[in-house]
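Each chain gets a letter, A, B and so on, in the order the sequences are listed, and its residues count up from 1. Keep in mind the model is a prediction, meaning the values are calculated, not measured.
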2 protein chains.
Amino acid sequence: MNIGTAARQSGLPPKTIRYYEDIGLLTADRAANGYRDYSNEDVHRLRFVQRSRSLGFSVEECRQLLSLYTDRDRASADVKAIATEKLAQIDRKIAELTGLREMLGHLVEHCHGDARPDCPIIDGLSGRSRDH
Amino acid sequence: MNIGTAARQSGLPPKTIRYYEDIGLLTADRAANGYRDYSNEDVHRLRFVQRSRSLGFSVEECRQLLSLYTDRDRASADVKAIATEKLAQIDRKIAELTGLREMLGHLVEHCHGDARPDCPIIDGLSGRSRDH
DNA sequence: ATAAGGGTTCCAGCCGCTGGAAGCTCAAGT
DNA sequence: ACTTGAGCTTCCAGCGGCTGGAACCCTTAT
């Protein structure tokens, strides 16, 4: 099948698929006319990458996961190690964002939001703390 | 003061400060020898940007906030609008990551993580659901 | 005199795409 | 048979937000 069809079936834009081929993540056969030719198994791999990316794995991590996916003899422990590390990264990211949310939410709460130039958000950002 | 001192006092690397000047976010005076020369007020602005960036505002948003910061007559409503939108973005990001966390956590939980090639994480990523 | 530790400029690269130009091929309609 | 339009190919450039490195200048201490 052509790249457009593979794109529709995998949920990845054609541009992205070509890019993945460019960086050696996934290869594709070529038809006689020079068009890329994708098998169902290729589409499986594309979907695999699509899901992995959308779960927050980097392209390099996808490369690892893909080789584990392709290697029928890999130990599940290898995969688990990658996924567990990713989980920890996500937890850190959530904690960081929650901290931000709290600080920013606090600033917004204390801003009366009218036409007066007095603004706790600006003051907070500028580091000049006020007495609340 | 020189860029290195301004960097230390603002918490931004010199490279980043030069970059900000490059994109017209902040300007600096020049000393006779061609070195950038920062006033205390400049450092305030640098810190302001540093804080805003670390709170998740984009450089473009920092540009807006900075002009509101500099403009003593601005309405606090303008600032509040930007901050509130940012808050919503952060909430969306947290929700998204929480979803990821749940899905990935689920996969990791069900992976026995031993030497067997059978791996629910890989299966989950490949979209072939099993009956767990 | 010289060496270290600033500063300056500019150019290139990181990630993960994405847009656009120029040209080819294919399928359908007239 | 010819045209049109969609889809394919390649390559080059740019996004955001820095960051590293090269090559050079300036200042200060020994």
Measure the distance from [atom1] on [X] to [atom2] on [N] and round it to the nearest whole Å.
{"X": "B/D22", "N": "D/dC15", "atom1": "CG", "atom2": "P", "result": "13 Å"}
{"X": "B/R30", "N": "D/dC25", "atom1": "CZ", "atom2": "C1'", "result": "13 Å"}
{"X": "A/N33", "N": "C/dG23", "atom1": "CG", "atom2": "C1'", "result": "15 Å"}
{"X": "A/I23", "N": "C/dG13", "atom1": "CD1", "atom2": "P", "result": "17 Å"}
{"X": "B/E21", "N": "C/dC10", "atom1": "CD", "atom2": "P", "result": "12 Å"}
{"X": "B/D37", "N": "D/dT27", "atom1": "CG", "atom2": "P", "result": "13 Å"}

Practice item. Quantify the bending of the helix from C/dA1-D/dT30 to C/dT30-D/dA1 as the angle between its end axes, each fitted on five pairs, to 10°. Key: 30°
Check your understanding: Can you give one letter per nucleotide of nucleotides 17-24 of chain D, 5' to 3': B if a protein heavy atom sits under 4.0 Å from the base, S if only from the sugar-phosphate, - if neither?
Key -> BBSBB---
Review point. At their closest point, which heavy atom of A/S54 faces which heavy atom of A/R51, and how far apart are they?
Key: OG-O, 3.0 Å
Point to revise | Taking every non-hydrogen atom, the tightest pair across B/V108 and A/K80 | key: O-CE, 3.6 Å
Are the charged groups of [X] and [Y] less than 4.0 angstrom apart, N to O?
{"X": "B/R101", "Y": "A/D91", "answer": "yes"}
{"X": "A/R47", "Y": "A/E41", "answer": "no"}
{"X": "A/E21", "Y": "A/R18", "answer": "no"}

Exercise for review: Report yes or no: do B/L68 and B/L26 belong to one cluster of Ile/Leu/Val/Met/Phe/Trp/Tyr joined by side chain heavy-atom distances under 4.5 Å?
Suggested key: yes
**Study point:** Verdict with reasoning, B/R92 to B/E85, per salt bridge (Lys or Arg N to Asp or Glu O under 4.0 Å)
**Key:** CA-CA 11 Å; B/R92 281 195 296 276; B/E85 167 55 24; 3.6 Å; yes
Point to revise | Main-chain N/O of A/R30 paired with A/D37 side-chain donor or acceptor, under 3.5 Å | key: no
Protein-nucleotides 4-8 of chain D N/O pairs closer than 3.5 Å?
{"from": "D/dG7", "atom 1": "N2", "to": "A/Y35", "atom 2": "OH", "distance (Å)": "2.8"}
{"from": "D/dC8", "atom 1": "OP1", "to": "A/G4", "atom 2": "N", "distance (Å)": "2.8"}

Check your understanding: Do B/F48 and B/L65 come close enough that some side-chain heavy atom pair is under 4.5 Å?
Key -> yes
**Study point:** Atom pair CD/CG of A/E102 and A/L97 - distance to nearest 0.5 Å
**Key:** 12.5 Å
Practice item. Apply side chain to side chain donor-acceptor pair (under 3.5 Å) to the pair A/N2 and A/T5, showing each step before the final yes or no. Key: CA-CA 6 Å; A/N2 284 347; A/T5 313; 5.9 Å; no
